[in-house]
Amino acid sequence: MIINEIFYSLQGEGSLAGVPSVFVRLAGCPLRCVWCDTKYAWDKSAGEEMSIEAVKAKVLAFEVRHIVITGGEPLVNDELIALIDAIGDPSLHITIETSGIEYVASLKCDLMSISPKLSNSISAEAADALEIDPLNIDAMQRLIDEYDYQIKFVVDAPADLDEIAAVIAKLKNVNPYKIMLMPQAATKTEYVNKLPMVAEIAKNTGFALSPRLQVQLWGNSRGK
Ligand code: SF4
């Protein structure tokens, strides 16, 4: 399979923020978010061909409990199931980071980390041009129903809250304590500047503020 990169770092976002983790970045994503920080992983061929056994050996060599499968969009990768089955030692904790545009059943996944893409990242016109629905509510609902999950919304401005509320209203049985808000930011400065705005929204809604430690620490450098 094509592996974009494998690296050791800290989980930067969500309920496991700060936890040392090995990241396996798969290549390929059908979306084209304007603020995407991994554009280098968009293309399905963007990476190195590796056997699943070689990926497993490289991941396990870090001797870390937490594995994060990210992208790109892992849930559109045909070899995801085989990869996870190969890595899937019960002692390991596997997070899958997804936009929620696709549903895949029966994955050995301990945390489905869903980051729905709002119009601040992909406009309706851009989605139409790609002939894709970035908010696949049916797929998201099945992921929520069948996996332990968290939902992380990227907030660029206070007006995004209306759209976030509309997405949540379309989903059933969402635990509000699993919803997180995090600032849209590509640089440390942008991150620090937007944190107070997102903090106020978190206080007003009761949703948690998620950090983005990778931006705060490394300014979104690749492989960190
Ligand atoms: S879904 Fe993720 S990887 Fe794909 S374009 Fe959007 S931010 Fe980038």
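Both counts, for ligands and for their atoms, begin at 1 and track the order of listing. Just so it is clear, the values below take in all heavy atoms, side chains as well, and ignore hydrogens, waters and symmetry mates.
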Close-contact set for ligand 1 against Leu31 heavy atoms, below 4.0 Å: 1 (S), 5 (S)
Tyr40 six-ring centre to Arg222 NZ/CZ under 6.0 Å and within 45° of normal: yes
Thr38, portion touching ligand 1 at heavy-atom distance under 4.0 Å: side chain
Ligand 1 versus Lys39: contacting region, heavy-atom distance under 4.0 Å: neither
Heteroatom test (N, O or S) for Cys29 near atom 4 (Fe) of ligand 1, limit 2.8 Å: yes
So which protein heavy atom does [atom] come closest to, and at what separation?
atom	answer
atom 6 (Fe) of ligand 1	Cys33 SG, 2.4 Å
atom 8 (Fe) of ligand 1	Cys36 SG, 2.3 Å
atom 5 (S) of ligand 1	Trp42 NE1, 3.1 Å
atom 2 (Fe) of ligand 1	Lys117 CE, 4.0 Å

Heavy atoms of other groups near Glu131 CD, more than 12 under 6.0 Å: no
Side-chain heavy atoms of Ser15 within contact of Met180, under 4.5 Å: yes
Candidate with minimal heavy-atom separation from atom 3 (S) of ligand 1, of Pro116, Gly72, Ala41: Gly72
CA sep, side-chain torsions, deciding dist, call: Asn77, Ile69, side chain to side chain contact (heavy atoms under 4.5 Å, CB included): CA-CA 11 Å; Asn77 192 300; Ile69 312 289; over 6 Å; no
Inter-residue atom distance Lys56.NZ - Ser51.OG, 0.5 Å rounding: 11.0 Å
Check against side chain to side chain contact (heavy atoms under 4.5 Å, CB included), Ile164 and Leu181: CA-CA 10 Å; Ile164 290 169; Leu181 308 175; 4.0 Å; yes
Evaluation steps, salt bridge (charged side-chain N to carboxylate O under 4.0 Å, His left out), between Arg212 and Asp37: CA-CA 12 Å; Arg212 300 187 76 194; Asp37 50 12; 3.8 Å; yes
